[in-house]
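First comes the structure, then the notes that go with it.
Note that these values count all heavy atoms, side chains included, but never hydrogens, waters or copies made by symmetry. Here the structure is a predicted model, which means the values were calculated and not measured. Read the numbers this way: they start at 1 and go in the same order the structure lists the ligands and their atoms.
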Amino acid sequence: MPKLIIDNIPVEVADGVTVLEAAQSVDIPIPHFCWHPALGKAGACRVCAVKMVDGPVKGIQMSCMLPAQDGMVVSTTDPEAVAMRRNVIEWLMINHPHDCPVCDEGGECQLQDYTIAGGHGIRRYSGTKRTHINQDLGPYIEHEMNRCIQCYRCVRFYQEYAGGTDFGVMGSAGRVYYGRFEDGQLESPFSGNLVDICPTGVFTDKTARFKARYWDYDMAPSVCPGCSLGCNTTPVARYRELLKMTARRNEAVNGWFICDRSRFANDAVNDPQRPRTPLIDGREASRDEALEALLLRIAQIEELYGSGSIAVVGSSRLALEGAALLPRLAECCSAGALCYFTSQEESDRTLPLIELLSSGKPASQRDVRESDCIVVCGCDPLQKAPMLALAVRQAWRNGAAVYVVPFGSAQGTEGVQKSTILQMNRWLSGVEASQEPKRLYDAISVHSLDAVPLADAKQPVLICSATNAPDRLAETLEQQSNLKLAVIFPAANSYVAAQLAGAHGAVSLEHAVATGKIKGIIAVEADIPPQLLEGIPFVAALDWRMTETVQAAQIVLPTTAWVEMDGTCINNEGRAQRFKKVMNPGVPVRGLDPAGHPPHIHRTIPPGGEPQPAWQTVAALIEGLCGEQITEPLSGKWERLQELAAESEGVMINDL
Ligand code: FES
């Protein structure tokens, strides 16, 4: 535990911590470009210079490269250190195009910030600038090489951290080029992180190009609903349009990064076809009219077919707030069935896994990254939960053994072994990879779980999917006390659905419909297969997506998307995380008029801005049916989550 002094402040840090990190630990900022917490040091940019005034090392040193040692006396404000950093910035800016006014990074650019902070305001260099030809890197990432300061962050992330091979650094001497051998879409499923990691504007989000500046953004901490991992994000919106998604750090979950499926998935929220106006038998209506009509139809169904003829159906994508109110709604309308799963098979598979995870052995993404032995059983994390595959890669890079065990007929060893960038690339946009795919990690193929030397491992993790969990999983976990389990569930809130289904004795909709008693369905953000709706006289849908269920419903009550509300989700470990409202619901201004101008009409709410979070509509139905007013959906067991900060690492619901 070295003890040192930085700017007159005594600091004690763990062995191996650098001077830069030691300074950060006491809130002393030191400029840095090439150093990144997830990538470590490179010593490439020289902007982290400090003066070592006394101790075992003397003079100007790069603080990111120097391990903290006992007796060091460090100054970040010594005139020599300040001059060194100012000179470095000036050198870096010699070839920079100074194009901040037309650069999408402007306002959120580390180079811009340090240039201003370092006092480099006058350009003295009058020679010719070095210029590069940019590449077309596909529909997601814009390339502008002239802005590059050669910090190597992009290539270190792309190749080392994420295992990509189609992007690299080329050139010699003063002409260093970061790109592909030829134009073409970046093949890594994590390529969007280049946007976040580049400290200047070489890589910017093409999908949000020229749409807004940092100070225009609506932003809030959020959680990705793209899979069951619950990676943390900061969505960016303006004028009711979701512009882009950026990664938000959560060391326990996704670390610093997100996958491209999370980053480039704004279309559903911005979809012009989204249901935004309540409908009664296809006719547009006000929310109050639609609520009244729904209450009337519920009463009619009961009168016609008797009590127990309604099914209240939630889903694995419904946030906890809405899902937690469904049992009460089912009681109030004397429902014959409360359902969180449409498929009996999914229900049967998911509930036992939730019980296993509740017994205290869930693995976080951090556990996976820090594991020394990982067993991937009959699933392909890269396809179903890409960040889990990236976590496996980090463990593998640190020396962990990765075993692949095939299970079931559909997932042979070959299928699992093809967990490569090539396949991911295909689901992203159908672009063919230019070369043989590179695996994210090398795996040892074994025929069964028994062949894995789990007993020798210190922190083993078993990864499986809810659709293909291995037999005797419970016994294996019991026998191997330090073995943790990471399950890939089909949707963001599968855990919520299974928890509530177990606690309230819910059945699958498939089962309920098979009884022949169900004559009316209230679907709350539920995707019901059309065959289950056959012969059901009445369907009401509460949803923000234009699903087949919405299209089949007689009454539609639009709800808000997750970026338009505060809410809670529970990820595959059982970690509850809060997400905050980023933007108001409503038709994006850009979608109202081809010229992009807002209409000159006074309104109290924006066009299409009527939708409310699903839980509020469910609460309104409960009030209409039972007279009970619900102002806070998280009560009882969930009450503590009301205070949970969205910026926290979340809380394990086992600890509630
Ligand atoms: Fe230290 Fe770049 S941050 S050399």
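- Between the SG atom of C45 and the SG atom of C34, the angle centred on atom 2 (Fe) of ligand 1 amounts to 120° when rounded to 10°.
- Distances from atom 4 (S) of ligand 1 to the heavy atoms of M62, H32, H36, R46 show the closest one on R46.
- Checked against the 6.0 Å centroid threshold, Y161 and F190 do not count as a close aromatic pair.
- Less than 4.0 angstrom separates some heavy atom of W35 from each of these atoms of ligand 1: 3 (S).
- Atoms SG of C64 and SG of C48, as seen from atom 1 (Fe) of ligand 1, are separated by an angle of 100°, to the nearest 10°.
- Below 4.0 Å from some heavy atom of G43 lie the following atoms of ligand 1, by number and element: 4 (S).
- With respect to D104 and K206, no salt bridge is recorded, no charged nitrogen being found less than 4.0 Å from a carboxylate O.
- Proximity of A44 to ligand 1, defined as any heavy-atom pair under 4.0 Å, is confined to the backbone N, CA, C and O atoms.
- A salt bridge links E649 to R366: at least one charged side-chain nitrogen sits closer than 4.0 Å to a carboxylate oxygen.
- At a 4.0 Å heavy-atom cut-off, ligand 1 does not touch K41 at all.
- Ring pair H36/Y152: centre-to-centre distance not below 6.0 Å.
- Aromatic ring centres of F203 and Y178 lie farther apart than the 6.0 Å criterion allows.
- Taking the six-membered ring where the residue is Trp, F489 and Y495 present perpendicular rings, their angle passing 60° and hence far from 30°.
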